[in-house]
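Counting begins at 1 with the first residue of the sequence.
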Amino acid sequence: MIPPNPTPWEPRVWRTELARAIRSSTDLLTYVGTELADATDLPAFATLVPRGFADRMQKGDPDDPLLLQVLGREEETREVPGFSFDPLEELGFNPVEGLLHKYHGRALLIATGACAVNCRYCFRRHFPYAEQREPQLQGAVAKLAADESIKEIILSGGDPLLLDDPALGELLDALAEIPHVTRLRLHTRIPIVLPERTTAALLDRLSNGRFRTALVAHANHARELTDETARAFACFSRAGVALFNQAVLLRGVNDTVEAQVSLAECLYEQSVLPYYLHMPDAVAGTHHFAVSDAAAKSLHRAMQSELPGYLLPRLVREEPGAPAKTHI
Ligand SMILES: *Cc1c(COP(=O)(O)O)cnc(C)c1O
Ligand code: SF4
């Protein structure tokens, strides 16, 4: 249910939650009371799971769909043909540090390399920016200001809402100076994994800016949605932010009709519309999540026969060089 009078969280709560996040696979397995033989920690892509997210896992279940998204496995170190370090060839699209302009009319700004959770299937897991300096804001803004075709700025990452309120405010101020940019989009997993980040200062900032603002959340399974996420979404909605979700289709996590239909329905309960269902990118270390095109298409057809059109996400994949996401 949508809380009628949602209250934002106090400003410091999210930092505390982030500081006490789980940072090892052993701790995670202990926390959920289960075991998995090939669980491991990989220094190149650390274990990071907020406790609020771990609380939604089924205790004692090693196949829990939330656990599988965030638990490091030995499996990830296996080299598999066809899975590469930069399948989207994005490193070549980086004219200014942190700016990706691949599609007409919208440009994507890596606001920070950090995330509140490390998802094992992430296509950016090998990106150098994760351990690098923050993007060069001034260079990016100059580049955006010089291209009048850009109407929309997408803040991505990493997770842009991991910036604190002053840093985000500074970034939005700089973007607001660019007259041809009218739309702002936040691609963030934070309302799901760290809803406590929804502070009054953040909401004020979003509701008082001059942009038409959308938030694209990232939930993959209905069980990720709780009263806390409902509260966060209700706060954003009251601040005038349009709410969408993109999910990644992951083997063993959400590759059934039941899981997808339930996700779409639960999102809508929280005022969020399904937007994309992404095929996982062929990133090294993620082969165990791969779903075939044939299986994905038949799943999507079955979803279509069970869901109203407005709750059916578009099944897409990203292909290097394509002018938009490729519909499957
Ligand atoms: C996915 C993506 C977008 C957004 O595409 P939409 O179809 O508008 O959601 C924009 N820029 C880049 C680089 C992207 O990867
Ligand atoms: S939150 Fe998004 S960017 Fe961060 S690790 Fe998860 S999928 Fe990747």
Side-chain angles (χ1 to χ4, degrees), residues 21-80 83 87 115-126 159 189-194 217-226 228-229 245-264 266-267 274 276-292 295-296 299 303 313 315 317:
I22 297 169
R23 288 166 198 269
S24 90
S25 57
T26 318
D27 288 354
L28 179 57
L29 288 170
T30 308
Y31 195 75
V32 297
T34 188
E35 284 177 19
L36 211 79
D38 82 332
T40 188
D41 291 297
L42 298 167
F45 193 54
T47 302
L48 176 62
V49 187
R51 278 169 204 267
F53 189 77
D55 285 336
R56 301 169 213 166
M57 296 170 186
Q58 189 71 46
K59 299 282 181 259
D61 180 7
D63 296 323
D64 180 88
L66 278 58
L67 177 67
L68 294 180
Q69 293 179 48
V70 296
L71 179 70
R73 321 272 298 252
E74 292 288 352
E75 186 75 13
E76 296 175 25
T77 59
R78 196 148 64 86
E79 280 180 39
V80 176
F83 288 78
C115 291
V117 63
N118 280 343
C119 313
R120 307 318 298 181
Y121 54 84
C122 182
F123 77 100
R124 291 199 164 120
R125 57 184 291 158
H126 303 293
D159 199 310
R189 193 143 158 69
I190 288 242
I192 306 295
V193 298
L194 198 65
H218 176 181
N220 297 315
H221 194 278
R223 282 236 318 279
E224 292 172 44
L225 302 167
T226 62
E228 306 288 90
T229 63
N245 184 67
Q246 58 181 21
V248 181
L249 182 56
L250 301 166
R251 186 162 89 215
V253 172
N254 60 7
D255 58 339
T256 64
V257 181
E258 191 190 22
Q260 287 295 332
V261 167
S262 166
L263 174 62
C266 290
L267 284 166
Y276 280 144
L277 177 58
H278 275 273
M279 293 298 282
D281 302 300
V283 186
T286 68
H287 56 271
H288 51 300
F289 289 118
V291 177
S292 73
L299 173 71
M303 288 163 64
L315 179 66
R317 109 155 6 100

Engineer: Locate the shortest heavy-atom distance separating Lys59 from Ala54; write the atom from each residue and the value.
Structural biologist: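 Minimum heavy-atom separation between Lys59 and Ala54: NZ-O, 4.2 Å.
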Engineer: Can you tell me how far apart CD (Gln246) and NE2 (His218) are? Round to the nearest 0.5 Å.
Structural biologist: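 Reported value, rounded in 0.5 Å steps: 7.0 Å.
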Engineer: Begin from the C-alpha positions of Val283 and Phe83 and carry the test side-chain contact (heavy atoms from CB on, under 4.5 Å) through to its verdict.
Structural biologist: CA-CA 5 Å; Val283 186; Phe83 288 78; 5.7 Å; no
Engineer: Specify the closest pair of heavy atoms between Leu277 and Val248, including all atoms of both residues, with the distance to one decimal.
Structural biologist: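 Heavy-atom minimum between the residues: CD1-C, 4.1 Å.
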Engineer: Mark yes when over 12 heavy atoms from residues, nucleotides or ligands other than Glu258 sit less than 6.0 Å from its CD; otherwise mark no.
Structural biologist: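 No, the 6.0 Å shell around CD holds no more than 12 heavy atoms from other groups.
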Engineer: To the closest 0.5 Å, what do you measure between CG (Asn118) and CD (Gln69)?
Structural biologist: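 Atom-to-atom, Asn118:CG and Gln69:CD are 12.5 Å apart.
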Engineer: Using the ring of Phe45 (Phe, Tyr or Trp, six-membered ring only), decide whether Arg120 places NZ or CZ under 6.0 Å from its centre and within 45 degrees of its axis.
Structural biologist: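 Not flagged: Arg120 not positioned over aromatic ring of Phe45.
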Engineer: Side-chain contact, heavy-atom cut-off 4.5 Å: Leu66 with Gln58?
Structural biologist: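 A side-chain contact under 4.5 Å is absent here.
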Engineer: Are Leu36 and Leu71 packed together at the side-chain level, in the sense that at least one heavy-atom pair is separated by less than 4.5 angstrom?
Structural biologist: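 When only atoms from C-beta onward are counted, Leu71 and Leu36 do touch, with a gap below 4.5 Å.
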Engineer: If you define the side chain from C-beta out and look only at heavy atoms, does anything of Phe53 sit under 4.5 Å from Arg189?
Structural biologist: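 Yes, at least one pair of side-chain atoms sits under 4.5 Å.
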Engineer: A side-chain contact here means heavy atoms from C-beta on lying under 4.5 Å apart; do Asp64 and Val32 qualify?
Structural biologist: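 No, their side chains stay 4.5 Å or more apart.
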Engineer: At their closest point, which heavy atom of Thr256 faces which heavy atom of Leu299, and how far apart are they?
Structural biologist: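 Of all heavy-atom pairs spanning Thr256 and Leu299, the closest is C-CD1, 3.4 Å.
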Engineer: I need the minimum non-hydrogen distance between Leu267 and Asn245, along with the two atoms involved.
Structural biologist: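 Answer, listing the atom of Leu267 first, then Asn245: CD1-ND2, 3.5 Å.
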Engineer: For the residue pair Val49 and Val117, what are the closest heavy atoms and their distance?
Structural biologist: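 Heavy-atom minimum between the residues: CA-CG2, 4.5 Å.
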Engineer: Got a salt bridge between Arg78 and Glu75, using NZ or NE/NH1/NH2 to carboxylate O under 4.0 Å?
Structural biologist: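 Yes.
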Engineer: What is the distance from atom CG of Leu48 to atom OG of Ser24, rounded to the nearest 0.5 Å?
Structural biologist: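 Spacing of CG (Leu48) from OG (Ser24) equals 11.5 Å.
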Engineer: Measure across Leu67 and Pro62 and return the closest heavy-atom pair with its distance rounded to 0.1 Å.
Structural biologist: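 Scanning both residues completely, I find the closest heavy atoms to be CD2-O, 3.8 Å.
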Engineer: When rounded to the nearest 0.5 angstrom, what is the spacing between OH in Tyr121 and CG in Leu68?
Structural biologist: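 If I round to the nearest 0.5 Å, the distance is 12.0 Å.
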Engineer: How about His278 and Pro313: do any of their side-chain heavy atoms sit closer than 4.5 Å?
Structural biologist: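 A side-chain contact is absent here, since even the closest heavy-atom pair is not under 4.5 Å.
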Engineer: Would you mind reporting whether Arg56 and Thr229 have side-chain heavy atoms less than 4.5 Å apart?
Structural biologist: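 Of all side-chain heavy-atom pairs linking Arg56 with Thr229, at least one is under 4.5 Å.
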Engineer: Can you list the steps and then say if Ile192 with Leu225 is a side-chain contact (heavy atoms from CB on, under 4.5 Å)?
Structural biologist: CA-CA 7 Å; Ile192 306 295; Leu225 302 167; 3.7 Å; yes
Engineer: Between the side chain of Asp41 and the main-chain N/O of Thr47, is any donor-acceptor distance below 3.5 Å?
Structural biologist: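 No, the answer is negative, given that no donor and acceptor are paired below the 3.5 Å cut-off.
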Engineer: With rounding to the nearest 0.5 angstrom, report the CG to CG distance, Asn220 to Leu263.
Structural biologist: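 The CG atom of Asn220 sits 7.5 Å away from the CG atom of Leu263.
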Engineer: Quick one: are Leu315 and Met279 in side-chain contact, heavy atoms under 4.5 Å?
Structural biologist: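 A side-chain contact exists here, since the closest heavy-atom pair is under 4.5 Å.
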Engineer: For the backbone of His221 and the side chain of Glu224, can you confirm whether one donor and one acceptor N or O come within less than 3.5 Å of each other?
Structural biologist: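 Flag set: sc Glu224 to bb His221 pair under 3.5 Å.
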Engineer: Roughly how far, to the nearest 0.5 Å, is CG of Asn254 from OG of Ser262?
Structural biologist: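 Going from the OG atom of Ser262 to the CG atom of Asn254 covers 11.0 Å.
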